[in-house]
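Worksheet for the structure shown next.
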Amino acid sequence: MSEIHNYLALHPGHTRVKLGLFELGPDDPFPRCVTSLFVENHEKIPWSELDDQVPAPLECRSILTGSNQFLATQILDNWKSNSPPPLTLSENSAIPIRSLVDVPEKVGADRLLNAVAVNGLRKPGHAAVIVDSGTAITVDVVNSDGAFLGGAILPGVLMGARAMSEFTTTLPLIDGKEFLERLPDALGRNTEAAMASGLYWGHLGAVKELVARISEQLDVPSQLYITGGALPILEPYFPNAICEKNLSLIGSVLTARSILDGE
Ligand SMILES: Nc1ncnc2c1ncn2[C@@H]1O[C@H](COP(=O)(O)OP(=O)(O)O)[C@@H](O)[C@H]1O
Ligand SMILES: CC(C)(COP(=O)(O)O)[C@@H](O)C(=O)NCCC(=O)O
Ligand SMILES: [K+]
């Protein structure tokens, strides 16, 4: 009987560390999520919360990926002494995807991992457009053969808020949590409200425009996948999209299997 493995995936981004525990058999197209949690970068990883659910160290394969190298090194330095160190990715060529871009090694591993996950989930014969709205926003494409074609990179919502206050002498720093959790009126009647409107609705508009323009270039039907911390903002406006908060973790687990099983 083929063996199902447990996987612990950690993905430090520029805002949060995403962690998840998954199960995956050798022939499964994608892993089953047992549990996942997201920890703000300034907070400690609550290992004790996971301890009940994480199997004994030697029975669990672990992988550490992510766009934030600084945080990845910190996690590695503080790795639990009774567990074997996690698999890390020193180069993109270890990620099981063909990359048809100018310089494949320069692509953020997070973008390729999302694409690997989508290749496990995608309808056969369909291409996919992948939106990851996090610290930065990426809108990428995999073609119907599963190759990564590149896409667009733009500032994330909170980065935009920070930039407006840093690059002007007049605009305040508005509280991200507040405006992201309450739908702003498009017609803002004071500075803060106008900034909240621009950031919120501008983010939605930018993503819609990029998805439309990129989809137009595809010669086969495509599916839309959305992930990232701003997923709750986008989800209501893309009723046909597949929304998956764990996309980068799923891609990490599929990558770990491909490396460890030498597929
Ligand atoms: N409650 C929220 N609603 C909508 N968007 C949010 C919320 N909280 C955070 N965000 C957005 O998500 C981003 C963090 O997303 P995340 O996927 O964790 O980042 P990273 O790209 O670094 O992995 C924030 O910078 C912000 O733009
Ligand atoms: C664009 C990114 C900063 C996104 O990072 P994130 O918002 O997920 O933390 C990351 O994918 C990256 O550093 N990319 C390198 C350049 C490239 O992908 O071409
Ligand atoms: K992102």
Side-chain angles (χ1 to χ4, degrees), residues 9-20 36-43 45 64-72 74-75 89 91-93 95 97 99-118 129-142 148-165 173-184 195-204 206-207 210-211 225-238 243-252:
L10 294 97
H11 186 87
H14 293 101
T15 304
R16 301 176 301 174
V17 184
K18 299 168 191 175
L19 296 100
S36 68
L37 67 109
F38 299 162
V39 183
E40 297 289 324
N41 282 3
H42 56 86
E43 286 170 8
I45 296 175
L64 173 64
T65 58
S67 52
N68 188 334
Q69 280 308 316
F70 178 77
L71 204 54
Q74 268 189 353
I75 293 172
L89 298 176
E91 46 192 37
N92 283 345
S93 57
I95 302 174
I97 191 159
S99 195
L100 302 179
V101 296
D102 295 345
V103 190
E105 273 307 320
K106 289 247 165 113
V107 176
D110 49 297
R111 299 171 69 192
L112 296 177
L113 293 168
N114 283 339
V116 168
V118 163
V129 177
I130 309 164
V131 175
D132 185 338
S133 180
T135 310
I137 304 164
T138 50
V139 184
D140 289 323
V141 170
V142 289
F148 178 83
L149 301 188
I153 303 175
L154 62 156
V157 192
L158 292 186
M159 193 188 283
R162 180 103 73 89
M164 282 203 274
S165 84
L173 180 61
I174 56 170
D175 181 347
K177 287 275 175 238
E178 213 170 277
F179 81 81
L180 287 173
E181 279 159 24
R182 212 169 344 114
L183 210 60
M195 291 169 73
S197 164
L199 288 163
Y200 194 98
W201 299 114
H203 163 246
L204 176 64
V207 171
L210 286 165
V211 169
Y225 288 82
I226 308 181
T227 192
L231 175 59
I233 301 187
L234 297 173
E235 192 167 8
Y237 301 96
F238 294 92
C243 295
E244 174 52 72
K245 68 182 167 100
N246 291 327
L247 215 51
S248 58
L249 295 175
I250 293 172
S252 302

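We count residues from 1, following the sequence as given. Each ligand, and each atom within it, is numbered from 1 in the order the structure gives.
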- Validation row: V142, I97 side chains within 4.5 angstrom (heavy atoms): yes
- Message: Any non-hydrogen side-chain atom of R16 less than 4.5 Å from a side-chain atom of V39?
- Response: no
- Query: Given atoms O of A136 and OD1 of D132, what angle do they subtend at the K ion (ligand 3), to the nearest 10 degrees?
  - Reply: 110°
- First-shell residues of ligand 1 [heavy atom, distance under 4.0 Å]: G13, H14, T15, R16, K18, G134, T135, V157, L158, K177, L180, E181, G228, G229, A230, I233
- CZ-CD1 distance between F148 and I130, expressed to the nearest 0.5 angstrom: 7.5 Å
- Hey, could you give me the CH2/CG distance between W201 and L183, rounded to the nearest 0.5 Å? 4.0 Å
- Identify the two heavy atoms, one from H11 and one from S248, that lie closest to each other, and give their separation to 0.1 Å. CD2-OG, 3.5 Å
- Query: Got V207 and L234 here, is their nearest side-chain heavy-atom distance under 4.5 Å?
  - Reply: yes
- Correct closest heavy-atom pair for S67 and D110 would be CB-OD1, 3.5 Å
- Message: Any heavy-atom pair between the side chains of D140 and V118 that's under 4.5 Å?
- Response: no
- Chain-and-number sorted residues having a heavy-atom contact under 4.0 Å with ligand 2 are H14, S67, K106, V107, G108, D110, R111, T135, A136, T138, I153
- Message: Quick check: do H203 and L154 have side-chain heavy atoms less than 4.5 Å from each other?
- Response: no
- Message: Ignoring hydrogens, what is the shortest heavy-atom contact between A196 and I174? Give both atom names and the distance.
- Response: N-CD1, 3.8 Å
